[in-house]
Number of protein chains: 2
Amino acid sequence: MSVTIKDIARKVGVAPSTVSRVLSNKSKYYTSETAEMVRKAARELGYKKNQAAVELVKKSSNVIAAVVSSVRTNFAQQILDGIQEEAHKNGYNLIIVYSGSADPEEQKHALLTAIERPVMGILLLSIALTDDNLQLLQSSDVPYCFLSMGFDDDRPFISSDDEDIGYQATNLLINEGHRQIGIAGIDQYPYTGRKRLAGYKKALKEANIAINQEWIKPGDYSYTSGEQAMKAFGKNTDLTGIIAASDMTAIGILNQASSFGIEVPKDLSIVSIDGTEMCKITRPQLTSISQDFFQMGVTGVQQIHQSVKNGSNRIVSQQFIPVNPVIRKSTARLG
Amino acid sequence: MSVTIKDIARKVGVAPSTVSRVLSNKSKYYTSETAEMVRKAARELGYKKNQAAVELVKKSSNVIAAVVSSVRTNFAQQILDGIQEEAHKNGYNLIIVYSGSADPEEQKHALLTAIERPVMGILLLSIALTDDNLQLLQSSDVPYCFLSMGFDDDRPFISSDDEDIGYQATNLLINEGHRQIGIAGIDQYPYTGRKRLAGYKKALKEANIAINQEWIKPGDYSYTSGEQAMKAFGKNTDLTGIIAASDMTAIGILNQASSFGIEVPKDLSIVSIDGTEMCKITRPQLTSISQDFFQMGVTGVQQIHQSVKNGSNRIVSQQFIPVNPVIRKSTARLG
DNA sequence: CTGAAAGCGCTAACAA
DNA sequence: TTGTTAGCGCTTTCAG
């Protein structure tokens, strides 16, 4: 049987409520002597708070839950680091719950793991929730926010401006004199890919470059997508620049290009999207439109903090975190 | 106010205990009609179980906690995937708690987040706990186990046999005719590095190769460690093979070698340790001694499962998960 | 099969 | 400043 405040109350000779006050630092309600005795006894008995009991009576906790997809996304880590840092700064605890992105049942399971206890807020990392599960989430009155994903409807999110990403990536190449520019590895129809594609087309249009469907090779942001796209473009492609949907995709393109004997950036420029550490360990290092994943995490926690503080318990804002181009070695001026 | 079993009891016209029985599937204690009504009402009211209350009374839960270091380890993901899969299979929930590997206070914070609620067990992923915090962990009567780390003392762990890793890596090179073999990026003194080094030396000795301190460049398993080690070995090194402490270290070595104009594997063979996806996206692909991280996670959950089932609430075993060499393109026969 | 009642460990009024 | 008391929402005897 584990030791409770009653045990330590008995040992010290005070009431349980006094012990409770000391142990939860209700600073103005006890003398330093009692505090001392209580703390000493607690230490000696090896007391550990039963959070379940605390949460039951307080109906609130200092726990933030992050639901992440178990799909391998190499930037999830950075978002989590941001969440962790900001949470820690505010004295919040973080628990992370995994969910396969695909299976609705597993999603629900993960969601319930978070919802069925009094968490302060829920942050969803690149999870595409089914409608049922979104409803479930909304029905709990816990503030929630999607991270690194945007939506057309009005649900709260914090992400990069995907259209801007596509636009900046394309312009980066255009400004270096490129006019035959491909884009590879994005998913055309969901929000993220669609927006990036829109930015790409917008930049092309502004530069009076006709859009060529052959230049667009959809995929799933993976290494393989990059490889396959490059294979499809072919050894003798007339493209002089390619935009990769992710860092992994960029590496796929890079490797396949090198297999073709195409030299990057002399023969072909590559712009990656994401800007994770991966960009620095390739040869040549990858120029990228870098997203500030860490900041997304930080902002997410701040949003929860706000909405709890003002009692609204609902996050409404849709926010973009600025992206910025980082020039490394995979792009060169055409000429 | 959120809806409770009382609310649904009132609505259906039964006692709260009946509702409880239905909702927790005490299958033999209610008719299917009552069950139907209860479930319907629960659905309509949007009932969500308050786990805090459940855990308070049951003093147990189906939650497994994984404590991970926020240090970027690219295999943590694989361990977590293994944990998640096996947990899900057994109907357990998983929560993950972050902890900076270094700061004892943050370690404690993370540990308490896990301990202060009735978790079934705690899995620690590549975390070096301070003595105080280890004590804290032991004082709770929750089964725990370290994953992917070994120890000299008797605490429970599941990891690869690090001596075997060093031994196999070295022999892989020796069997290809190499006799000048370096090792780079390991931390010499902690358990993992020390054991790997021991395996390396053992293999060398068995092949009657004298150990040369110049061949050993310690580090911290990072990309930079690899780069620096290769720089230290130099452009004109007489080494024909190098063992890298991790995949990232191997990539650092590979890149620096390529900067030197050294061709892998023609001029230099590299054996990596870990065998994550990284090995497949380099050119050449990296030969590795691959660890079965996924299996470590699976076994960890099974251990907890066992120790809870047999009521011991204590894991005692120290287990090695076999490693295996995967030949890719970064090694070649010396000739 | 169902209801009544007790209590898990803690906090938060309310008194003293 | 401290003690007393009443629950938080749920499960679980124990009766019926």
Side-chain angles (χ1 to χ4, degrees), chain A residues 1-39 41-42 45-63 112-113 115-119 140-142, chain B residues 1-39 41-42 45-63 112-113 115-119 140-142:
Chain A
M1 207 57 270
S2 71
V3 11
T4 74
I5 53 170
K6 274 190 181 171
D7 298 321
I8 106 149
R10 198 176 314 118
K11 172 156 179 168
V12 179
V14 295
S17 49
T18 301
V19 177
S20 168
R21 286 189 271 254
V22 171
L23 262 24
S24 31
N25 295 306
K26 301 259 168 295
S27 339
K28 295 303 155 226
Y29 299 108
Y30 52 78
T31 58
S32 50
E33 293 97 70
T34 37
E36 203 43 57
M37 291 166 62
V38 166
R39 278 194 249 274
L45 262 32
Y47 171 76
K48 246 147 285 163
K49 209 176 220 152
N50 182 332
Q51 287 295 352
V54 176
E55 287 166 12
L56 178 56
V57 46
K58 302 228 284 201
K59 294 150 160 325
S60 79
S61 73
N62 63 343
V63 173
L112 283 176
T113 306
I115 293 178
E116 285 183 345
R117 59 198 76 230
V119 294
S140 82
D141 57 345
V142 178
Chain B
M1 209 57 266
S2 71
V3 11
T4 74
I5 52 170
K6 274 190 183 173
D7 297 321
I8 105 147
R10 201 175 311 121
K11 172 156 179 167
V12 179
V14 296
S17 46
T18 302
V19 177
S20 168
R21 286 190 269 254
V22 172
L23 262 24
S24 31
N25 296 306
K26 300 259 166 297
S27 340
K28 296 301 155 225
Y29 298 109
Y30 52 79
T31 59
S32 51
E33 294 96 70
T34 39
E36 203 42 58
M37 291 166 61
V38 166
R39 280 194 249 275
L45 263 32
Y47 171 77
K48 247 147 285 165
K49 208 175 227 162
N50 182 333
Q51 286 295 353
V54 177
E55 287 168 12
L56 178 57
V57 46
K58 301 227 284 202
K59 293 150 160 326
S60 78
S61 73
N62 64 343
V63 173
L112 284 176
T113 305
I115 295 178
E116 285 183 346
R117 60 199 76 228
V119 293
S140 81
D141 58 344
V142 178

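As the structure is a prediction and not an experimental result, all values here were calculated from the model. These numbers come from the heavy atoms of this one structure, side chains and all, not from hydrogens, waters or symmetry mates. Residue numbers start from 1 in every chain, and the chains themselves are labelled A, B, ... in the order their sequence lines are given, proteins ahead of strands.
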Item checked: Candidate pair A:Ile115 and A:Val142, rule side-chain contact (heavy atoms from CB on, under 4.5 Å), full reasoning -> CA-CA 8 Å; A:Ile115 293 178; A:Val142 178; 5.5 Å; no

Taking [atom1] from [X] and [atom2] from [N], how many angstroms apart are they, rounded to a whole number?
{"X": "A:Glu33", "N": "D:dT1", "atom1": "CD", "atom2": "C1'", "result": "11 Å"}
{"X": "A:Asn62", "N": "C:dT11", "atom1": "CG", "atom2": "P", "result": "13 Å"}
{"X": "B:Lys28", "N": "D:dT12", "atom1": "NZ", "atom2": "P", "result": "17 Å"}
{"X": "B:Tyr29", "N": "D:dT11", "atom1": "OH", "atom2": "P", "result": "15 Å"}
{"X": "A:Lys6", "N": "C:dT11", "atom1": "NZ", "atom2": "P", "result": "14 Å"}
{"X": "B:Arg10", "N": "C:dA4", "atom1": "CZ", "atom2": "P", "result": "13 Å"}
{"X": "A:Asn50", "N": "C:dC8", "atom1": "CG", "atom2": "P", "result": "12 Å"}
{"X": "B:Leu56", "N": "C:dG7", "atom1": "CG", "atom2": "P", "result": "14 Å"}

Check: How long is the gap from CD1 on B:Ile8 to OG1 on B:Thr18, to the nearest 0.5 Å?
Finding: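 Going from the CD1 atom of B:Ile8 to the OG1 atom of B:Thr18 covers 10.0 Å.
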
Check this one for me: any side-chain N or O of [X] less than 4.0 Å away from OP1 or OP2 of [N]?
{"X": "A:Lys48", "N": "C:dG9", "answer": "no"}
{"X": "A:Thr18", "N": "D:dG3", "answer": "yes"}
{"X": "B:Thr34", "N": "C:dC1", "answer": "no"}

Notebook entry, point to check: Can you pull the salt bridge (Lys or Arg N to Asp or Glu O under 4.0 Å) pairs that have at least one residue in residues 12-32 of chain B, sequence neighbours excluded?
Noted result: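 Residue pairs passing salt bridge (Lys or Arg N to Asp or Glu O under 4.0 Å), neighbours aside: none found.
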
Next item on the list: Mind checking salt bridge (charged side-chain N to carboxylate O under 4.0 Å, His left out) for A:Arg117 and listing every partner two or more places apart, or none if nothing turns up?
Entry: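 B:Glu55.
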
In terms of side-chain heavy atoms of [X], which of [options] is nearest?
{"X": "B:Ser24", "options": "D:dT11, C:dG3, D:dG9", "answer": "D:dT11"}
{"X": "B:Ile5", "options": "C:dG9, D:dC10, D:dT1", "answer": "D:dC10"}
{"X": "A:Lys59", "options": "D:dC10, D:dT1, D:dC8", "answer": "D:dC8"}
{"X": "B:Tyr47", "options": "D:dT2, D:dC10, D:dT4", "answer": "D:dC10"}
{"X": "A:Thr4", "options": "C:dC10, D:dG3, D:dC10", "answer": "C:dC10"}

Pairwise N/O distances under 3.5 Å, protein to nucleotides 12-16 of chain C:
unit_1 : atom_1 : unit_2  : atom_2 : d
C:dA13 : N6     : A:Arg21 : NH1    : 3.4

For residues [X] and [Y], determine if any side-chain heavy atom of one lies less than 4.5 Å from a side-chain heavy atom of the other.
{"X": "B:Pro118", "Y": "B:Lys58", "answer": "no"}
{"X": "B:Leu23", "Y": "B:Tyr47", "answer": "yes"}
{"X": "B:Thr4", "Y": "B:Asn50", "answer": "no"}

Margin query: Once you apply a heavy-atom cut-off of 4.0 Å, does A:Tyr30 come out as touching a base, just sugar-phosphate, or nothing?
Written below: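 Sugar-phosphate, backbone atoms only, no base.
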
